[in-house]
Amino acid sequence: MKSTDARRPRIRSSIATPSVPLTGDRTLIMGILNVTPDSFSDGGRWQKLDAALEHAAQLTAQGADLIDIGGESTRPGAERVSVAEEQRRVLPLVRELARGGIAVSVDTMNASTALAAAHAGASVINDVSGGLADADMTRVVIETGLPFVVMHWRGHSAEMAARARYANVVADVRRELEYRVAELIVRGVDPAKIIVDPGIGFSKNAEHNWALLGHYTDLASLGLPVLVAASRKGFLAPLVAEGAAPDARDAPSAVIAAIAASQGAWAVRVHDVAETRSALDVADAWRRGARS
Ligand code: PMM
């Protein structure tokens, strides 16, 4: 599809924005850095700028291709934070990392935060609502020209559990994502900048999550890069010791990352980058072995 004027990026960061490839045969690792007091697995740990920067540097050294920075928890039942507070949490970090040449995705449902993060040097906009929570997000995506993660979403934390009802979760999620993507394209978003994400755990129970992972190729058949974000999520709890801390789910998360990579996922969003790196190296070696 040809670019139109509406699709041409008009906003440039004063910082050289590190670029993130959307094509290629290597699955990228998106390392999670939540600067929130209440995220379910790492809440409260990275609120101080120095500690957050150090953690981001460590994730990068371990093999993260980009760092996903979020200032608002999206776990079920989480309270919304003000946009000002969200920006106070994320912008200094985005600015410092981009300045250091580290690619950042900003995990936000707020258009003004996405725009400010783009000015600060963010490389990707990751919106768990896929642009549904804030009507201005589409304009910001068009104006910044940044890659846009469109996650399957049916509502904010307070209402998402009640909306976990599907006739056929795989077909329904695929159709709803396809519709959302079509709407964004009609409004002027460059299709080459769209990434889709099934939204593991968002208005989905464990059975729904496993069906979506097991039918990964149905989602991939949309023809867009796919982000798989299952790391440490609640549906993995039955696979580890009862009552174990969320980081006990890192091994199952890494296995999911390797399977997703072997199916051609664009990226995996994970907490434990070192273990994921090793899992993806195995998937790569396996693929090379298949070609030899
Ligand atoms: N999950 C969380 C936050 N951001 N972004 C995308 N694209 N996909 C997700 O599934 C997703 C996300 C919640 O998990 P966390 O508390 O571990 O960050």
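Atoms within a ligand are numbered from 1 in the order they appear, just like the ligands themselves.
Arg89 and Glu86 are not joined by a salt bridge, as no carboxylate oxygen comes within less than 4.0 angstrom of a charged side-chain nitrogen.
For CZ of Arg165, the number of neighbouring non-hydrogen atoms (other residues, nucleotides, ligands) closer than 6.0 Å is 12 at most. Around CD of Glu159, the count of heavy atoms belonging to other residues, nucleotides or ligands within 6.0 Å exceeds 12.
Less than 4.0 angstrom separates some heavy atom of Val149 from each of these atoms of ligand 1: 7 (N). When each atom of ligand 1 is checked for a heavy atom of Ala229 under 4.0 Å away, the hits are 8 (N), 9 (C), 10 (O). Near Met151, the atoms of ligand 1 lying under 4.0 angstrom from a non-hydrogen atom of the residue are 6 (C), 8 (N), 9 (C), 10 (O). For ligand 1 and Asn126, the ligand atoms under 4.0 Å from any heavy atom of the residue are 5 (N), 6 (C), 7 (N). Close approach of ligand 1 to Val128 (heavy-atom distance below 4.0 Å) involves ligand atoms 4 (N), 5 (N), 12 (C). Less than 4.0 angstrom separates some heavy atom of His271 from each of these atoms of ligand 1: 17 (O).
In terms of N/O distances under 3.5 Å, ligand 1 is approached by Arg269. Of the N or O atoms in Asn34, one or more lie within a sub-3.5 Å distance of an N or O in ligand 1. Taking only nitrogen or oxygen atoms, main chain and side chain alike, Thr74 does not reach within less than 3.5 Å of ligand 1.
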